[in-house]
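Working notes, beginning with the structure itself.
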There are 2 protein chains.
Amino acid sequence: MDAIDQAIVRCVLRDARATYAQIGRAAGLSAPAAKRRLDRLVATGAIRGFTALVDPQALAWHTEAFVEVYCTGNPTPAELRRAMEDIPEVVEACTVSGAADAVVHMLARDITHLEQAIQRVRATAPVERTESAIVLSRLLNRPRL
Amino acid sequence: MDAIDQAIVRCVLRDARATYAQIGRAAGLSAPAAKRRLDRLVATGAIRGFTALVDPQALAWHTEAFVEVYCTGNPTPAELRRAMEDIPEVVEACTVSGAADAVVHMLARDITHLEQAIQRVRATAPVERTESAIVLSRLLNRPRL
DNA sequence: GCTGAAAGAGTGCGGCT
DNA sequence: AGCCGCACTCTTTCAGC
């Protein structure tokens with residue numbers, strides 16, 4: 001992962017549908033060389049995939065929340081992961097420092113749906129209690145540079 | 001936004017670099033029809049763009065945090081947005097219900113860099129105090145279906 | 001949705017470091 | 001070896017209809 005790879009990542013972060021010629025121009029490479037580099041970045045796992053940034057409102061996933069999860073005992077990250085991965089409303093989950101054990105980012109169609117999903121989280125084995133912050137408005141959502 | 005558009009969104013969410021032929025197949029359309037639909041979804045803002053999912057470790061952005069922001073007075077979302085958008089380490093920011101006024105997702109190279117970035121957030125006008133949860137391990141990160 | 005010209009993707013080969 | 005650029009073929013894009 002050198003400066004050229006970084007330029008490729010920056011370019012693809014900005015527009016995942018860029019052509020290899022565009023990517024190459026951004027990195028000072030020819031199109032075939034850019035393709036080979038990008039393929040390698042995907043193969044090694046540095047790039048995990050390519051997605052669209054969809055306005056959640058656009059398909060009726062209006063309701064979003066950040067949920068702090070407090071656990072009983074000392075669950076391992078792997079246990080927490082297993083608990084979360086079966087709940088499709090969980091978009092993102094991290095273990096964190098501080099009072100809470102994990103922060104879980106959830107997306108649901110509406111409040112009712114969100115409540116049901118949060119209850120599924122609370123029902124998983126090591127969860128003692130949760131503290132939810134429902135998203136009122138999205139201020140910013142940048143691609144991760 | 002009908003069932004066909006939804007199929008297109010699902011397809012592009014799974015792989016933003018899919019060809020129009022692939023997208024069309026997923027939606028039961030020809031390639032040119034798929035392109036016209038996708039172009040329209042981008043033009044209307046339902047799709048805001050296309051990015052790569054990059055392993056943050058892969059380029060030394062090891063340190064991540066969720067920061068709860070508590071403000072003085074009643075800042076409008078627009079004011080908060082203006083305060084955050086100049087800080088590149090802020091990846092995501094939302095106003096939320098509950099005690100905190102906003103949740104801010106930040107990404108930095110290391111702890112020192114994160115601390116500096118959090119201090120920049122605290123220095124912006126309406127922020128009274130912040131409460132940070134530093135990410136220890138990332139359990140899950142799903143494309144937003 | 002189809003067609004045809006133009007652009008891009010993807011692979012093999014030679015050269016350079 | 002590793003990596004780039006060039007040249008080639010095949011696929012895809014995209015503006016007509």
Side-chain angles (χ1 to χ4, degrees), chain A residues 1-61 91 141-145, chain B residues 1-62 88 91 107 109-110 138 141-145:
Chain A
M1 164 73 68
D2 58 2
I4 296 175
D5 284 331
Q6 290 179 33
I8 291 173
V9 167
R10 260 198 310 277
C11 177
V12 168
L13 233 29
R14 203 151 38 86
D15 177 16
R17 288 186 73 79
T19 66
Y20 291 117
Q22 289 176 292
I23 297 166
R25 206 173 311 128
L29 251 50
S30 69
K35 173 182 159 45
R36 286 193 264 260
R37 288 262 190 171
L38 188 59
D39 286 348
R40 200 184 48 166
L41 287 169
V42 172
T44 59
I47 295 177
R48 294 218 331 274
F50 303 94
T51 17
L53 295 169
V54 177
D55 182 3
Q57 276 204 327
L59 195 49
W61 287 67
V91 162
N141 192 4
R142 257 196 273 266
R144 283 117 205 264
L145 293 168
Chain B
M1 162 77 63
D2 58 3
I4 295 176
D5 284 332
Q6 290 179 34
I8 291 173
V9 168
R10 258 197 310 279
C11 178
V12 167
L13 231 30
R14 202 152 39 83
D15 178 16
R17 289 186 72 79
T19 66
Y20 292 118
Q22 289 176 293
I23 298 166
R25 206 174 311 129
L29 252 50
S30 69
K35 174 182 160 45
R36 283 195 262 264
R37 287 262 191 171
L38 188 59
D39 286 348
R40 198 182 47 145
L41 287 169
V42 173
T44 59
I47 295 176
R48 295 218 332 273
F50 304 95
T51 19
L53 294 169
V54 178
D55 181 3
Q57 275 203 328
L59 194 50
W61 288 66
H62 292 287
V91 163
L107 212 53
R109 281 186 299 277
D110 51 43
R138 176 165 284 280
N141 193 3
R142 258 197 272 265
R144 284 116 207 260
L145 296 168

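First the proteins, then the strands, lettered A, B, ... as listed; each starts at 1.
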To the nearest 10°, give me the bend of the helix from C:dG1-D:dC17 to C:dT17-D:dA1, comparing the axes of its five terminal pairs at either end.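 Rounded to the nearest 10 degrees, the bend comes out at 30°.
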Using 0.5 Å steps for rounding, measure from the CZ atom of A:Arg40 to the CZ atom of A:Arg36. 11.5 Å
To the nearest 0.5 angstrom, please state how far the CD1 atom of A:Ile47 sits from the OG1 atom of B:Thr51. 11.0 Å
Non-hydrogen atoms of A:Ala34 and A:Ile8 that approach each other most closely: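 Scanning both residues completely, I find the closest heavy atoms to be O-CD1, 4.5 Å.
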Minimal non-hydrogen separation, B:Ala7 against B:Ala26, with atom names: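 Nearest heavy atoms, B:Ala7 then B:Ala26: CB-O, 3.8 Å.
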Under 4.0 Å: is that the gap between some side-chain N or O of A:Lys35 and OP1 or OP2 of C:dA9? no
In plain terms, say whether A:Asp2 and A:Arg37 are close enough for a salt bridge, that is, a side-chain N and a carboxylate O under 4.0 Å apart. yes
What integer distance in Å separates [X]:[atom1] from [N]:[atom2]?
| X | N | atom1 | atom2 | value |
| --- | --- | --- | --- | --- |
| B:Asp39 | D:dT12 | CG | C1' | 14 Å |
| A:Leu38 | D:dC4 | CG | C1' | 16 Å |
| A:Arg40 | C:dG10 | CZ | C1' | 18 Å |
| A:Arg17 | C:dA7 | CZ | P | 19 Å |
| B:Tyr20 | C:dG1 | OH | P | 16 Å |

Please enumerate all protein N or O atoms sitting under 3.5 Å from an N or O of nucleotides 5-8 of chain D, with distances to 0.1 Å.
{"residue": "D:dG5", "atom": "OP2", "partner": "A:Ser30", "partner atom": "N", "Å": "2.9"}
{"residue": "D:dG5", "atom": "OP2", "partner": "A:Ser30", "partner atom": "OG", "Å": "3.0"}
{"residue": "D:dG5", "atom": "N7", "partner": "A:Arg36", "partner atom": "NH2", "Å": "3.3"}
{"residue": "D:dG5", "atom": "O6", "partner": "A:Arg36", "partner atom": "NH2", "Å": "2.7"}

Flag the pair B:Ile23 / B:Lys35 as yes when at least one side-chain heavy-atom distance between them is below 4.5 Å, and no otherwise. no
Tell me, with the steps shown, if A:Met1 and A:Thr44 meet side-chain contact (heavy atoms from CB on, under 4.5 Å). CA-CA 10 Å; A:Met1 164 73 68; A:Thr44 59; over 6 Å; no
When you look at B:Arg17 and A:Val42, which way does the side-chain contact (heavy atoms from CB on, under 4.5 Å) test go after all the steps? CA-CA 12 Å; B:Arg17 289 186 72 79; A:Val42 172; over 6 Å; no
